[in-house]
Amino acid sequence: MSARAKLPEPLDKLLRSQLENAIHEAALHRDDELIAKRRIIDKWGQIDVAAELGWDRSTVSDHEKYIFQRVEAVAKQLYTKKGAGD
C-alpha cells in the first residue's frame with residue numbers, strides 16, 4: 001500500500017469506532033464514503049483507492065478535501081464536550 005493519509009488534528013485523536021461513526025453520520029455519497037473508509041480507517045494510499053474506483057489519484061485527492069472537512073465537522077459535533085446551555 002502507498003502512503004497513509006495524514007488525518008486532520010481532531011480526527012487523529014479519535015478511536016476507530018468514533019471514526020467509523022463520524023463517517024457514517026457524515027452521510028456522504030457512496031463513493032465518498034468508500035474513500036473515507038479506505039483512507040481514514042483502512043489507511044490505504046490514494047493510488048490504491050483510485051485503482052479500486054477506476055479513478056485518477058488526483059480525483060481521489062479532490063474528493064478527499066471535502067470528505068475530510070465533512071467528517072471532521074461531524075466528529076466535532078459528536079465528540080466535543082460542551083457545557084450546559086451551549
Side-chain angles (χ1 to χ4, degrees):
M1 299 282 165
S2 302
R4 292 176 39 178
K6 178 161 174 44
L7 297 178
E9 178 72 29
L11 297 180
D12 66 354
K13 295 181 180 20
L14 297 179
L15 300 172
R16 179 185 176 109
S17 60
Q18 291 173 316
L19 289 168
E20 289 171 344
N21 191 40
I23 291 168
H24 175 75
E25 292 297 328
L28 300 166
H29 181 272
R30 182 188 46 176
D31 290 338
D32 287 347
E33 184 171 337
L34 176 76
I35 293 169
K37 287 179 179 177
R38 293 289 189 259
R39 294 286 286 147
I40 296 171
I41 304 298
D42 300 334
K43 310 289 192 232
W44 283 25
Q46 287 178 339
I47 195 73
D48 300 310
V49 177
E52 181 177 5
L53 291 169
W55 293 2
D56 291 331
R57 187 211 52 82
S58 61
T59 305
V60 172
S61 179
D62 291 341
H63 279 252
E64 199 172 273
K65 293 169 189 168
Y66 163 76
I67 292 165
F68 280 17
Q69 288 175 348
R70 178 72 184 136
V71 173
E72 180 181 343
V74 169
K76 283 180 182 178
Q77 287 182 315
L78 291 171
Y79 302 114
T80 300
K81 293 183 180 181
K82 296 188 180 208
D86 286 343

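Residue numbers run from 1 in the order of the sequence given.
Among all heavy-atom pairs drawn from Ala22 and Leu78, the shortest one is CA-CD1, 4.0 Å. Shown here for Ala36 and Leu28, the closest heavy-atom pair between the two residues is CB-CD1, 4.0 Å. For Ala26 against Val71, the heavy-atom pair with the smallest separation is CB-CG2, 4.3 Å. Arg39 and Val49 make their closest contact through CD-CG2, 3.9 Å (heavy atoms, listed as atom of the first residue, atom of the second, distance).
Checked against side-chain hydrogen bond (donor to acceptor under 3.5 Å, both in side chains), Tyr79 has the following partners two or more places apart in sequence or in another chain: Asn21. Taking the side-chain hydrogen bond (donor to acceptor under 3.5 Å, both in side chains) definition, one finds that Glu52 meets it with Arg38, sequence neighbours left out. Take Asp12 and apply the side chain to side chain contact (heavy atoms under 4.5 Å, CB included) test, not counting sequence neighbours, and it matches Leu7, Glu9. The side-chain hydrogen bond (donor to acceptor under 3.5 Å, both in side chains) test applied to Glu20 returns Arg16, not counting sequence neighbours.
Atoms CD and CG, on Gln46 and Asp62 in that order, are 9.0 Å from each other to the nearest 0.5 Å. Atom-to-atom distance recorded for Gln18:CD and Leu11:CG is 10.5 Å, nearest 0.5 angstrom. Here the CD1 atom belonging to Ile35 is positioned 10.0 Å from the OG atom belonging to Ser61, to the nearest 0.5 angstrom. Atoms CD and CD1, from Glu72 and Ile40 in turn, are 10.0 Å apart once rounded to the nearest 0.5 Å.
For the salt bridge (charged side-chain N to carboxylate O under 4.0 Å, His left out) condition, the pairs that include at least one residue of residues 25-35, sequence neighbours left out, are Glu33-Lys37.
With respect to Trp44, the side chain to side chain contact (heavy atoms under 4.5 Å, CB included) criterion is satisfied by exactly one of Asp48, Ile41, Ile47: Asp48.
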